[in-house]
Amino acid sequence: MCQHCENGENMMKAAVVREFKKELVIENVAIPEIGKNDVLVNIKACGVCHTDLHAAHGDWPVKPKLPLIPGHEGVGEVVAVGENITHLQTGDRVGVPWLYSACGQCEYCLTGRETLCLHQQNAGYSVDGGYAEYCVADARYVVKVPDNLDYVEAAPIFCAGVTTYKALKVGEAKPGDWVAIYGVGGLGHVAVQYAKAMGYNVVAVDTFDEKLELAKELGADKIINPLNEDSAAFIQREVGGVQASICTAVSKKAFDEAYRSVKRGGKCVAVGLPPEMIEVPIFDTVLNAVSIVGSIVGTRKDLQEALQFAAEGKVKTIVETATLDQINQVFTDLEEGKINGRIVLTL
Ligand code: NAD
Ligand code: ZN
Ligand code: ZN
């Protein structure tokens, strides 16, 4: 029972996926009950990630639960605390990330690679997420929102921020090296800023000129639209290839170009999740000693670090707000590439 439910009926508003590829339905559903290790979060804002669109479409080999409340950039206020939890209290400001929980005991959890845990749960995918007025979270995996960040600007850091910050770390470029950011959407627009804050030179790549203009405003040193010229050829010619290319684009073609944009010994970091295959020439991979590596969100520690960049003003999310009722239009706009930065639902 939630004492904070003002209408006394223990109901909340949520956007629900009932069937893949169908519109989300705005429903009144029961406020979930918390377990001993959980907190109940009164969601104030939740970013809309392209992953939520993949979830609602059932795009990937592993399907989400149905019905599903999507959302893994939900931030808000703790309103109830499970009996085992001592490190959080009501009133704390927290976010509920993709890594909703992990086992804490396996090889991956024990070696600081909790995002690889085979027993993990994922917010807005295997369990309900932040497109709702309330969300249950495993208290051990929520991360606090820094005091000076408001909910709306903090929300996208919980996925877009931490994911690209981690991907740049995985790319192992040194300050002064060139990196390429493929896709300047929700993820890419913060990736450009993390890359600059980490001391890299940045080439931004997107098929929309408005997004490239945004990338430039956010610090990108060079921009290239692959509709005008092969981006890999441009990058090889202009800067001799990049040490790391971070591909956030939902496009097989972008992955192909991201792979060819790296210099010898460089890394192509796969982040975007189009449900397709990439083909890689063995000869070039061997001779150029190029790595292709996947990177999946980030750990709680990565998330704390990513939030710190935002708290210090080194990374600023570009957000527009929408209401829960507008979610289907937001999904359409996201699919059509019409969104600059991130849309954040306010509740
Ligand atoms: P988004 O739609 O906001 O951004 C994608 C961007 O790619 C858009 O700006 C689009 O114009 C651009 N693009 C499309 N085709 C391109 C091309 N050929 N070349 C260059 N750019 C191109 O999506 P998002 O929320 O940033 O998410 C991007 C992808 O990352 C999704 O597939 C999502 O599921 C995935 N994702 C992965 C992780 C992870 O941990 N690996 C985390 C979050 C999201
Ligand atoms: Zn996401
Ligand atoms: Zn584990």
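Whatever order the structure lists them in is the order used to number ligands and atoms, beginning at 1. Note: hydrogens, waters and symmetry copies are ignored here, and every other heavy atom, side chains too, is used.
A distance below 6.0 Å separates the ring centres of Y125 and W98. Proximity of the aromatic rings of Y100 and Y141 is defined here by a centroid distance below 6.0 angstrom, and this criterion is not met.
Using a non-hydrogen distance threshold of 4.0 Å, F255 does not register as a contact of ligand 1. Ligand 1 lies nowhere less than 4.0 angstrom from a heavy atom belonging to G337.
Protein heavy atom in closest approach to atom 11 (O) of ligand 1: D206 OD1, 2.7 Å.
Considering each of A55, G185, G47, the one bringing a non-hydrogen atom nearest atom 6 (C) of ligand 1 is G185. The heavy atom nearest to atom 31 (C) of ligand 1, considering only E257, H54, K338, is found in H54.
One hydrophobic cluster holds both F309 and F158 under the rule that ILVMFWY side chains link at heavy-atom gaps under 4.5 Å.
W178 has its side chain within reach of K222: a pair of non-hydrogen atoms, C-beta onward, lies under 4.5 Å apart.
Under the 4.0 Å criterion applied to side-chain N and carboxylate O atoms, K253 and E276 are not assigned as salt-bridge partners. Contact check on R300 versus E114 returns a salt bridge, with a Lys/Arg side-chain nitrogen under 4.0 Å from an Asp/Glu carboxylate oxygen. Under the 4.0 Å criterion applied to side-chain N and carboxylate O atoms, D230 and R260 are assigned as salt-bridge partners.
Between the CD atom in E279 and the NZ atom in K252 there is a gap of 4.5 Å [rounded to 0.5 Å].
When distances to the Zn ion (ligand 3) are checked against a cut-off of 2.8 Å, C109 contributes an N, O or S atom below that limit. At a threshold of 2.8 Å, the Zn ion (ligand 2) has no backbone or side-chain N, O or S atom of H50 nearer than that distance.
Residue T248 approaches ligand 1 through these ligand atoms, each under 4.0 Å from one of its heavy atoms: 28 (C), 29 (C), 30 (O). In the vicinity of V297, heavy-atom distances shorter than 4.0 Å reach the ligand 1 atoms 39 (C), 40 (O). Each of the following atoms of ligand 1 lies closer than 4.0 Å to a heavy atom of A249: 7 (O), 13 (N), 16 (C), 21 (N), 22 (C). Atoms of ligand 1 found under 4.0 Å from any heavy atom of F208, numbered from 1 in the order shown, are 11 (O).
The shortest N or O to N or O distance between L334 and ligand 1 is not under 3.5 Å. Distances between N or O atoms of G341 and those of ligand 1 include no value under 3.5 Å.
If you put the vertex on the Zn ion (ligand 3), SG of C103 and SG of C106 sit 110° apart, to the nearest 10°.
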